[in-house]
There are 2 protein chains.
Amino acid sequence: MSKPRRRATTHDVAAEAGVSQPTVSLVLSGNPRARVAAATRRRVIEAASRLGYQPNMLARGLVTRRSYALGVVVPDLDNPFFTEVVSGAQRVAVDAGYAVLLCDARGASAADHVTALRGRLVDGIILDAGSAGILSLQSVGDTNVVVVDEPASSWPTVASDAREAGRIAGRLLIELGHRTIAFLGPAIGTHTFRMRERGFVEALREAGLTIDSHHLRRVPASVAGGARGMQALLSMEDAPTACFCVNDLVGIGALKACLSAGVPVPERMSIVGCDDIEMARIVTPELTTVRIPAREMGARAARLLISQIEQDSAPRSDRLLPVKLIERQTTAHAFTDA
Amino acid sequence: MSKPRRRATTHDVAAEAGVSQPTVSLVLSGNPRARVAAATRRRVIEAASRLGYQPNMLARGLVTRRSYALGVVVPDLDNPFFTEVVSGAQRVAVDAGYAVLLCDARGASAADHVTALRGRLVDGIILDAGSAGILSLQSVGDTNVVVVDEPASSWPTVASDAREAGRIAGRLLIELGHRTIAFLGPAIGTHTFRMRERGFVEALREAGLTIDSHHLRRVPASVAGGARGMQALLSMEDAPTACFCVNDLVGIGALKACLSAGVPVPERMSIVGCDDIEMARIVTPELTTVRIPAREMGARAARLLISQIEQDSAPRSDRLLPVKLIERQTTAHAFTDA
DNA sequence: CCTATTAGCTAATACGTATGAGCAAACCGC
DNA sequence: GCGGTTTGCTCATACGTATTAGCTAATAGG
C-alpha cells in the first residue's frame, strides 16, 4: 500500500485504472446513467478507493459554477434562537450534500459577509432576520437567497406567524383577568418583532383595552434590556400586573428583575415571552411563552433554498409557520387587590 | 453604468483597464509590494471597482491550494459553551480573511464532516472536544488541525486548565465547611471532563476527605442528566450537602431538581458548575461556577491554526488557559444540623 | 456483406486565477 | 554611449475537474 504524498486526482485514478481522465470523471461524478461499460466502471471505482481519491470541490465548482455550499448569516450566535435555526438548516443541508458556511453578523456587517460568501461561490444564502434589512438586491447579485423571519423582503421567505404570536399572548393575559398590561420590546427591530407587538396590541384592542404609552417600553431585545425595562415598569405608580415580552431573552430579563425586586412571579406579575428557547424551561419559575418553531424554520429555509438552486424555481412558500402557546409558571390570574 | 450579466473576471478588468490579466492579478491579489507602476495600479483598481469585480476564491484556491476557509467541528451546537467557542474563532478567522465552515457533529459523524471539509480544501480544521477522539491522523491526511479541550490528542491543542477547575470547585466547597460532597458527570467523556473530576477528587483528598462511590453519579452532561442525578442524590439517606457538576448544564439541571424537590439552594444544598455560560447568570439563584474562557479558547485556536497554516510552524502553545472561580448564589456555608 | 447507428471511450478545451520565465524600455555607472 | 541592471509589463502555463465533440469498434438493418 503506497502512501500518496499528494492528494490523488482524477488523473491518478485514470492512470491506475488504465483509462482516461474524462472517463473517471464520468464514472465518479457525472450522471450515474452515463454510458460506461460495467467493467470499466468497476475498475475505476476500485482504483479510486485504492488511491483514496476524494474529489476536489474547488476544481469541480470552478467548472460547474456550483460549490455545494450554503451560507447562513445570523445576527447573533449567542441568541439560542438562531443556533436552533442554524441547527435545523445544517441538518437538511448536510443530508443534501451541502456544506454550511456560518457567519455571525456581529463581526463585520451583513453585507461584508455576503460579499465574502459570494466570493466563495456559495450556491445560496440564508439570511436571518436582522441581517436582511440592510441588503439590497444589488449586493447579492444573482445569488439565491432565502430570508428567515423578515417577510417584508423581496426574497423568498420562511417566517412564523408573528402577529398571531402576539395575539395569543395578549389573549392569554386578558383571559387571566389582567387589565393593565405592558409590553417590552425594541423600538426599531425586525418585521417579526413589529408584528408580535402589533398582534399583541390588536388583541388588547379587541378586548376593549388600550396600552398606555408608558407601558410600552422600548428596550434592547436582550436579557439586560428586559431587566431594565421591568425595573422601570415596577417603579411606576400604575405598575402593570402583566407583561408581554418580545422574545424570551427579554422575558427572562424581566423575570430576573421581578425576583430581584422581591415581586413574586406569577402572583404579582405575569410574564409571557416568545420563541420558547431552552432557557425558558430552565429558569425558575419556568417561563410561559409562545413557541416559534425555530429548528423547523431553519430546515424549511434550507429546503426552500436548495430547491431554488436545483430546480431553479422559487416555490416562495409564503405560508406562515404556526405558533403555539406554552403555558408554564410565569402566568396566573390577576391579583384583585381591593 | 452597465449591468454585467456575468461576474466580472480578471480578464474583464484587464480589458477595461487596458492591461493584461496577469497585471490585474498582480495588483489585486499578489504581494502589495509587487512592482507595478503607480499609474497602472490605479487604473486597474478603478476598472475593478467600476465593474464590481470580486475575486473568485475557487479559482484562486485551485492554483494556490488555499481556500481561505477554516472548518470548525463542534459536538453540539445547542450547548452554549460551543457557540461561544465558535464565536471567538469566527471573529479571529474573519479578521484574518478566512471564512468559517461550521459542522455540528450530531448529524453525521465527525469523520464524515472532516471528509467533507477536506474535499472543500479547507486550510485547517478546529476540532472541539468530543469530536476529536474518534479521528485518526490518517483520516485528516495533511490537513492542519487544532484541537480544543482534548490535550491528549496528537495535534496542537488549546485547552483550559480543567484539573485546576476541579480543584478550585473542591476547595471552595471544603472551605465552606462541607464534608459530604457529591459529583455529577458523565462516565466516559472528554479528557476535559475527566480532568475536572480528577482535580475535584484531588482537592478532597488533600483535605483528608474521600468521596463515597455512590456520591459520584454518572449522568449525561446535560440539563436533564443533572436533574436526574440530583434527584438520586436527594433521595439518599446520607445525602450530600454540596455538589460539583461537571459543567453548567448539569449544574442547572441539579439546581432545578433541588427547587422542584423543595430543597432550598444554597441553604440545604450548595452547587458549583463549570464553564460559566450565560445561563449561569440567568437562573435563580445564580449559579456559582468556574469560568472557562470559551470565547478566548476559540480565538486562540483560530490564531494557532492560522499561524500553523501561514507559517507552516506549529507553536503548539501548550499552556493551559487559566480558569477562575465565580462565586454567585448557589454556594453557602454548610448547614450544621444538630 | 455493406451501410447506418449506437455504445464506449478519449482528445481537447474551458472554468478564473496565480506565477515563473521572458522581454522591452528605462536607467545606471563609468 | 555602451554593457549591465532594474523596472514594468506580458506570455504561457498550471491547478483539477466537467463537458462537448469526435473517434473507433461493435451492432443492427436489410
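Labels below follow one simple rule: chain letters A, B, ... track the order of the sequence lines, proteins then strands, and each chain is numbered from 1.
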(Q) Strictly under 4.0 angstrom, non-hydrogen atoms only: write out the protein contact profile of nucleotides 12-19 of chain C, one letter per nucleotide from the 5' end, B, S or -. (A) B--BBBBB
Q.
Could you go through S87(B) and R295(B), starting from their C-alpha distance and side-chain angles, then the distance that decides it, and tell me whether this counts as side chain to side chain donor-acceptor pair (under 3.5 Å)?
A. CA-CA 7 Å; S87(B) 174; R295(B) 213 170 292 268; 2.8 Å; yes
Q. Could you state the CZ-P distance from R42(A) to dG8(C), rounded to the nearest angstrom?
A. 15 Å
(Q) Assess whether a salt bridge exists between R65(A) and D123(A), defined as any Lys/Arg side-chain N lying under 4.0 Å from an Asp/Glu carboxylate O. (A) no
Q.
A89(B): which residues meet the side chain to side chain contact (heavy atoms under 4.5 Å, CB included) condition with it, sequence neighbours left out?
A.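 Side chain to side chain contact (heavy atoms under 4.5 Å, CB included) list for A89(B), sorted by chain: I126(B), A302(B).
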Q. Looking at side-chain heavy atoms only, is the closest gap between R66(A) and Y98(A) below 4.5 Å?
A.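 With C-beta onward as the side chain, the pair touches.
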Q | Which residues share a salt bridge (Lys or Arg N to Asp or Glu O under 4.0 Å) with E278(B), sequence neighbours left out | A | none
